[in-house]
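Comments concern the structure below.
Treat the numbers as computed from the prediction; the structure is a model and nothing was measured.
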Amino acid sequence: MLAFFQKPNRTVETELKLRTQHLRGENFSKAKSGERSGKFYRNPGYVKQPIDMPNSNHPPRSVVVEDRSPAADARQCSPSAARNRGPILEVLTRVLPKKGIVLEIGSGTGEHVVCFAKALPRLVWLPSDPDTASRASIEAWIATEGLANVRTPIALDAHWGIWGVEDDAPFDALISLNMVHIAPWEAALGLFAGAGRLLGPDGVLFFYGPFVLSGIHTATSNAAFDADLKRRDPRWGVRDVDDLVGEGALRGLELREVVNMPANNLSLVFAKSMPATLTNIGLGRSFRRIDD
């Protein structure tokens, strides 16, 4: 069987045990990682993917909105996007459908979406951002890369009850990168509400960023970052996965995976809940199929 699980640090390992007890019996999901069919195993709560993660804590992040170096045109360059787009793409390549349409909330400079669109050309990408300068940067990056599978960015705020993309629904996936911790909690609520309305069957909702596990920070640097965020704006802060799981459940979205990422970040993979007929199979507890 493939080496699916990473050994987390002691704090995360303790939390994952608690998470296992909490999730067992609630979900039924299927994961594929090979060519041959395999056995059913008890769901460990979270399936970890083999992505390198430094063992040491990174220095506390003290800036909320980073300095973005402008290019000769409207393009902006984000140092963090340059660092994390590769690891994020590795996860997206596995969890997103092979074709369909993906809506990105808070696209920022546009570097992420053009990277993903080049690597996954069978997907159509719809970037969005409420900031005018960011949308101009996205358009400039699309033009520079000559990408036909990225649509013109739209103005969209997750707070809105109507997003203006309803005619394009249902979406096959919705992604949000490094957003929910630098926005009021209402933005996360709006994001889940939008995903519940606009995602199609088995649609994926993907988050990336720093998160808390049942009140426990995964690194001391994340705790310092959380404190700094709240000093800057008390409505901001690193969000607890438990709170996101609860809100997702209200919208028919279940947490399928949590993936360790570099720099003490996590990827969260939610999906539209499977039909009740698949959960009522007499197993009495949750299982995940892992292929040999």
**Q.** ring pair (Phe, Tyr, Trp, His ring centres under 6.0 Å): pairs with one or both residues in residues 128-160, sequence neighbours excluded
**A.** none
Q.
Between Lys230 and Asp226 (salt bridge meaning N to carboxylate O under 4.0 Å), is one present in this structure?
A. yes
Q.
Do Leu174 and Val204 make a side-chain contact, defined as non-hydrogen atoms from C-beta onward lying under 4.5 Å apart?
A. no
Q. Would you call Leu120 and Thr93 a side-chain contact if the rule is heavy atoms closer than 4.5 Å?
A. yes
Q: Side-chain contact test, heavy atoms from C-beta onward, threshold under 4.5 Å: evaluate it for Leu255 versus Val269 and give yes or no.
A: no
Q.
Return the OG to CD distance between Ser134 and Glu139, rounded to the nearest 0.5 Å.
A. 11.5 Å
Q. Going through the distances and angles, do Ser267 and Phe206 end up as a side-chain contact (heavy atoms from CB on, under 4.5 Å)?
A. CA-CA 7 Å; Ser267 288; Phe206 179 88; 3.3 Å; yes
**Q.** Summary of ring pair (Phe, Tyr, Trp, His ring centres under 6.0 Å) pairs that have at least one residue in residues 99-136, sequence neighbours excluded
**A.** His112-Phe116, Phe116-Trp125
Q. In terms of hydrophobic clusters joined by side-chain contacts under 4.5 Å, are Leu205 and Leu250 together?
A. no
(Q) For a 4.5 angstrom cut-off between non-hydrogen side-chain atoms, does Asn264 reach Ser221? (A) yes
Q) So, the side chain of Arg135 versus the backbone of Pro130: is there a donor-acceptor pair under 3.5 Å, distance only? A) yes
Q: Working to the nearest 0.5 Å, report the span between CD of Glu247 and CZ of Phe192.
A: 7.5 Å
Q: Identify the two heavy atoms, one from Ala183 and one from Arg239, that lie closest to each other, and give their separation to 0.1 Å.
A: O-NH2, 2.6 Å
(Q) Tell me if the centroids of the rings in His181 and Phe225 come within less than 6.0 Å of each other. (A) yes
(Q) To check you understand the geometry: which heavy-atom pair defines the closest contact between Ile105 and Ala158, and what is its length? (A) CG2-CB, 4.4 Å
Q | Heavy-atom side-chain proximity of Cys77 to Glu111 below 4.5 angstrom | A | yes
Q) Is it the case that Arg197 places NZ or CZ above or below the six-membered ring of Trp163, under 6.0 angstrom from the centre and within 45 degrees of the axis? A) yes
Q: Can you see which heavy atom on Pro127 is nearest to which on Ile138, and at what distance?
A: CG-CG2, 3.8 Å
Q. Short question: side chain of Ser137, backbone of Thr109 - any donor-acceptor pair under 3.5 Å?
A. yes
Q) Would you find a donor on one side and an acceptor on the other, under 3.5 Å apart, between the side chain of Glu166 and the backbone of Gly164? A) yes
Q | Pair Asp242-Ser214, side-chain donor/acceptor within less than 3.5 Å | A | yes
Q: Would you check, one step at a time, whether the test side-chain contact (heavy atoms from CB on, under 4.5 Å) holds for Leu191 with Met179?
A: CA-CA 10 Å; Leu191 201 156; Met179 189 200 84; 3.5 Å; yes
(Q) Which residues pass the salt bridge (Lys or Arg N to Asp or Glu O under 4.0 Å) test with Asp233, not counting sequence neighbours? (A) Arg235
Q.
One thing to verify: whether Lys99 and Asp172 come together as a salt bridge, which I'm taking to mean a side-chain N less than 4.0 angstrom from a carboxylate O.
A. no
Q: Compare every heavy atom of Asn178 with every heavy atom of Gly209, then report the nearest pair and how far apart it is.
A: CA-OD1, 3.4 Å
Q. Is there a side-chain contact (heavy atoms from CB on, under 4.5 Å) between Met261 and Asn84 once you walk through the steps?
A. CA-CA 9 Å; Met261 303 294 286; Asn84 61 37; over 6 Å; no
(Q) If the threshold is 4.0 Å, N to carboxylate O, is there a salt bridge linking Glu257 and Arg94? (A) yes
Q: Report yes or no: do Asn222 and Thr218 form a side-chain donor-acceptor pair below 3.5 Å?
A: yes
Q: Taking all non-hydrogen atoms of both residues into account, name the closest pair between Ala195 and Leu253 and its distance.
A: CB-CD1, 3.8 Å
Q | Close side-chain approach of Leu266 and Val259, heavy atoms under 4.5 Å | A | no
Q) Any ion pair linking Arg232 and Asp228 (charged N to carboxylate O, less than 4.0 Å)? A) yes
Q: Please answer whether the main-chain N or O of Lys272 pairs with a side-chain N or O of Arg256 as donor and acceptor at a distance below 3.5 Å.
A: yes
Q | Sole candidate of Asn149, Val150, Thr152 that passes side-chain contact (heavy atoms from CB on, under 4.5 Å) when paired with Ile142 | A | Val150
Q.
Nearest 0.5 angstrom please: Asp131 CG to Ser107 OG, how far?
A. 11.5 Å
Q. Once the angle between the rings of Phe270 and Phe207 is folded into 0 to 90°, is it parallel (under 30°), tilted (30 to 60°) or perpendicular (over 60°)?
A. perpendicular
Q) What distance do Trp236 atom CH2 and Ile182 atom CD1 have between them, rounded to the nearest 0.5 Å? A) 6.5 Å
Q. Considering only heavy atoms from C-beta outward, does the side chain of Arg151 approach that of Val124 to under 4.5 Å?
A. yes
Q. Backbone N or O of Leu156 within a donor-acceptor pair of the Ser128 side chain at under 3.5 Å?
A. no
Q: Decide whether Tyr208 and Asn265 meet the rule of one side-chain donor and one side-chain acceptor closer than 3.5 Å.
A: yes
Q) Taking side chain as C-beta onward, heavy atoms only, is Leu123 less than 4.5 Å from Leu96? A) yes
**Q.** Closest approach of Asp240 to Gly215 (non-hydrogen atoms, all atoms of both residues)
**A.** OD2-N, 2.6 Å
Q: Could you give me the CA-CA distance, side-chain angles and deciding distance for Val212 and Val241, then say whether side-chain contact (heavy atoms from CB on, under 4.5 Å) is met?
A: CA-CA 6 Å; Val212 171; Val241 173; over 6 Å; no
